[in-house]
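Single-structure report; data block below.
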There are 2 protein chains.
Amino acid sequence: MKDRKLVVIGGDAAGMSAASKVRREHPDREIVVFERGRHTSYAACGMPYYIAGQIDSAERLVARAPQVFRDKQRIDVRTRHEVVAIDTTGQRVRVRDLDSEREFEESWDELLIATGAAPIVPDLPGVDAPGVFSLSTLQSGIDVFEDMERNTPRRAVIVGGGYIGIEMAEALLDRDLEVTLIDMAPQVMSTMDADMTESIAQTMREAGVQVFLGEALKGIETGSDGRVRQVVTDQRRIDADLVILGIGIRPRSDLAEAAGIGLGAAGAIRVDSRMQTSVQHVWAAGDCAESFHIVKEEPVFIALGTVANKHGLVAGINLSGGTMQFPGVLGTAITRFQDLEIARTGLSEKEAGDMGIAWRAKAIEALTRSHYFPGAGKIKVKLVVEDDTGRLLGGQIVGRAGAAKRIDTIAAAITAGMTAEQVTYLDLSYAPPFSPVWDPVQIAARTLS
Amino acid sequence: MKDRKLVVIGGDAAGMSAASKVRREHPDREIVVFERGRHTSYAACGMPYYIAGQIDSAERLVARAPQVFRDKQRIDVRTRHEVVAIDTTGQRVRVRDLDSEREFEESWDELLIATGAAPIVPDLPGVDAPGVFSLSTLQSGIDVFEDMERNTPRRAVIVGGGYIGIEMAEALLDRDLEVTLIDMAPQVMSTMDADMTESIAQTMREAGVQVFLGEALKGIETGSDGRVRQVVTDQRRIDADLVILGIGIRPRSDLAEAAGIGLGAAGAIRVDSRMQTSVQHVWAAGDCAESFHIVKEEPVFIALGTVANKHGLVAGINLSGGTMQFPGVLGTAITRFQDLEIARTGLSEKEAGDMGIAWRAKAIEALTRSHYFPGAGKIKVKLVVEDDTGRLLGGQIVGRAGAAKRIDTIAAAITAGMTAEQVTYLDLSYAPPFSPVWDPVQIAARTLS
């Protein structure tokens, strides 16, 4: 493989992980990365905290800048270069230099598509108005920050109660805005079961967020200056001078589709376990590509930084002549609203039901530390198991400091195919500042054993 | 089983867990518990924090008092009753009422020995002097606390740098004592590898603890009032008006041994996976009993509250006519010194070497949170794997807030027989306040893949 020229489309987590891995294995191989934006390898997940003012500069979110890739790794990263077409037969891509508007073609022997995901923007009046933002690229986060500096908005409406919505609610409260969050669903965090999310909505309300659930966005009205002035839902009008849309994302797979590359789950690029697409010598990784779900045993579209990095590493190993299979995902995710921690992995009850699996589930309440230890906080753990075997299918956690990272123990146990009984007897750690003697995860497991 | 009278010797975690389980299964069965002390089901691990003044009353460490067991569960708990002999043939125990000095016999159909462990007190001059304490029962913690109230000691020497030593150093600093810690070993925390413990000793020194390693206790000298005045080591004399001995524990198995019940690892009572001893109808659980080590695949003596509770549950299920096998232990343990968190599980390099296993190990340094996130602290993770297969054998963690509970993910992975490569691809959780995008456990695993 070491003489085969690699072209990568997209310079964020997946693309640069793969390019870096290939460079480590093949010091002299030609590697070209085309990135439409100005930044490479940035932590998109850090944007809410940057907007909150907790991180002093957006540059700090950049793990490695384009010039560093060029200088230290001799990877030919070209920012502000958009690939506009892929020719899989002629093994070329058509590239537009966004600054000069010049177009040119670049040949490849191996092509990695790592074009990421795009925020879903509903087709409603006013969604393009100034003051209305989605979060995706680092630039989109900088745009929100700079808009707030220039226009000092006072009232924000967040559309969507998922990770971005919850994190942005915290961020905008930190900036002293009045914050309203609406979600079409009757709950926040729709990747979790309703009973686990009630305390999240309640905590948000107690912190001063107006939360309107089961309420659909109908449009956005602008003032005489053209900027957002009101958000219109199916139930009310809400004054707003800043709107954040966080209603979901879709894979950026149009370019691949136009080139005849097969799509799979939710329109993401179909890949095998080595991250190879339906076309030989064309690979895909990161948010634009599907993943195999370990419990569902089918491809899914789950766009997360952790997955993108692993996709990139797997693609990089295979692009270097190695053999690595990506074992798949559980949809493990974690977030917080102020000091309330939130995490989930595997199947929710709802997902188990949708799949037609016979399941049992139990949610327990316990404490993060020994009951007598200062700072012991509430923790709620739900586990979902297969009804007849007791095999662990999923877990959800909501609680105070130290609660949510326990999801990793559950993720490891699900991956290993453990039953609730096996989790009950795991030799987990205990000392009063860290846990009750039965870890809350095991308290939940015991009730299902 | 439900008509078979159960006698339990020892009313702490293992004994009362078993008794409670049996009561839940058999509402009318006769259950008698003899406990030598005044307390049942207490959190011995909480004693350093009680002595530190962080917990307002020793009663708060009691999970369930004798009267509650009597009233709510109709378990006939008799405190201040010491079993002095076991007759396995006649199925009787000889009991001394410590208040009345009266002795009597009690018959049983099934007997559970849960006599716990005792602190090792070296045979050296002065170890029995007033002001010299070991920690084991709740009463021993109360004794230290009351002694400090009465005598307001100013200079403490702690002998032994294990969990108790480290936790007591923090506690006594909290009480404004001058604290010196000595250990015969050249490192603190001898269940971990030396390279992982250097920062622990350093943090203790920075906090004001004098730490003398590789230094053996030779004796304790008393003043004219008979109270401890100086600790004598092989290298110096240290003024002290309080001494805590934390040099290790041994199983309380004398009673079992005298009755002809077989002993096993390190003198602990030999048990099968159902917690049955060498004598039919006699069971053992908790700190007095051995455990099967999942990685070593042999019995070991590991006395910890987590293990005692699981032993008790397993014994209780089997004593109720069920069938449960205890899968074994990894020696998972966690502690902290002030804000430095410490954890270990499975085999250290030293243990792997002692067993003659061909191993590889790697320690990495990372951060507990994303590098740009406020409060990101250092974390050091070491993983030990089998050399040829990459199978995970053990892990050690030292680091700042949020570091140590990650040991549970490692414990689950070891139990499942995962390789470092499998750990690398686990779908663990990530968000900037909780972790870098590759969790430190996975960063360590990657270097060993």
Side-chain angles (χ1 to χ4, degrees), chain A residues 13 43 45-46 49 54-55 60-61 163 167 294 304-307 309-310 314 326-336 341 343 345 370-374 402 404-409 411-413 415-418 422-435 437-439 441, chain B residues 13 43 45-46 49 54-55 60-61 163 167 294 304-307 309-310 314 326-336 341 343 345 370-374 402 404-409 411-413 415-418 422-435 437-439 441:
Chain A
C45 305
Y49 306 102
Q54 291 197 34
I55 297 157
R60 293 208 61 204
L61 301 182
Y163 301 99
E167 292 166 5
I294 291 170
L304 288 169
T306 46
V307 177
N309 272 279
K310 287 175 193 130
V314 171
F326 181 57
V329 300
L330 292 171
T332 308
I334 191 170
T335 186
R336 68 169 199 194
E341 303 185 353
T345 189
S370 293
H371 66 94
Y372 52 79
F373 200 85
K405 248 299 187 180
R406 286 171 156 97
I407 204 74
D408 290 351
T409 310
T415 305
M418 286 185 190
Q422 288 173 313
V423 173
T424 301
Y425 289 101
L426 281 176
D427 194 358
L428 303 187
S429 60
Y430 153 65
F434 297 100
S435 179
V437 67
W438 290 95
D439 189 275
V441 169
Chain B
C45 304
Y49 306 101
Q54 292 197 34
I55 297 157
R60 293 208 61 204
L61 300 183
Y163 300 101
E167 292 166 5
I294 292 170
L304 289 169
T306 46
V307 177
N309 272 279
K310 288 176 192 130
V314 170
F326 181 56
V329 301
L330 293 171
T332 308
I334 190 169
T335 187
R336 68 168 199 194
E341 302 184 353
T345 189
S370 292
H371 65 95
Y372 52 80
F373 200 84
K405 250 295 189 182
R406 285 170 157 98
I407 204 73
D408 290 351
T409 310
T415 305
M418 286 186 190
Q422 288 173 314
V423 173
T424 302
Y425 288 101
L426 281 177
D427 194 359
L428 304 186
S429 60
Y430 153 65
F434 297 100
S435 179
V437 67
W438 289 96
D439 190 274
V441 169

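Chain naming here is simple, since letters A, B, ... match the order of the sequence lines and numbering starts at 1 in each. All values reported here derive from a predicted model rather than from experimental measurement.
- Side-chain atoms of Lys310(A) never come within 3.5 Å of backbone atoms of Thr424(B) as a donor-acceptor pair (strictly under, hydrogens ignored).
- Of the residues considered (Thr345(B), Thr409(B), Val307(B)), Thr409(B) shows the highest number of contacts with chain A, using heavy-atom pairs under 4.5 Å.
- Contacts between Val314(B) and chain A at a heavy-atom distance below 4.5 Å involve backbone atoms as well as side-chain atoms.
- Interface remark: of the candidates Gly402(B), Gly328(B), Cys45(B), Ala413(B), Cys45(B) forms the most heavy-atom pairs closer than 4.5 Å to chain A.
- Every residue two or more places apart in sequence or in another chain was checked for a ring-ring contact (aromatic ring centres under 6.0 Å, His included) with Phe434(A), and none qualifies.
- Of the atoms belonging to Ala43(B), heavy atoms from both backbone and side chain fall under 4.5 Å from chain A.
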Does the side chain to side chain contact (heavy atoms under 4.5 Å, CB included) test come out yes or no for Thr415(A) and Gln422(B), once each step is laid out?
CA-CA 9 Å; Thr415(A) 305; Gln422(B) 288 173 314; over 6 Å; no

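- The greatest number of non-hydrogen atom pairs below 4.5 Å with chain A, out of Pro433(B), Gly417(B), Gly46(B), is found for Pro433(B).
- Between Phe373(A) and Arg336(B) the shortest heavy-atom distance is CZ-NH2, 3.6 Å.
- Proximity to chain A is absent for every atom of Ser370(B), based on heavy atoms less than 4.5 angstrom apart.
- Listed here is the closest heavy atom pair of Arg60(B) and His371(A): O-CE1, 3.0 Å.
- Checking Thr306(A), Asp408(A), Thr332(A) one by one against Ser429(B), the side-chain hydrogen bond (donor to acceptor under 3.5 Å, both in side chains) holds for a single residue, Asp408(A).
- Both the backbone and the side chain of Leu428(B) come within less than 4.5 Å of a heavy atom in chain A.
- Heavy-atom pairs under 4.5 Å with chain B peak, among Ala333(A), Ala13(A), Pro374(A), at Pro374(A).
- Contacts between Phe326(A) and chain B at a heavy-atom distance below 4.5 Å involve the side chain alone, from C-beta outward.
- If you measure heavy-atom distances from Tyr49(B) to chain A, the contacts under 4.5 Å come from the side chain alone.
- Between chain A and the options Leu61(B), Ile294(B), Ile407(B), heavy-atom pairs under 4.5 Å are most frequent for Leu61(B).
- In terms of heavy-atom pairs under 4.5 Å with chain B, the best-connected choice from Tyr430(A), Trp438(A), Tyr425(A), Tyr163(A) is Tyr425(A).
- Residues satisfying the salt bridge (Lys or Arg N to Asp or Glu O under 4.0 Å) test with Asp427(A), not counting sequence neighbours, are none.
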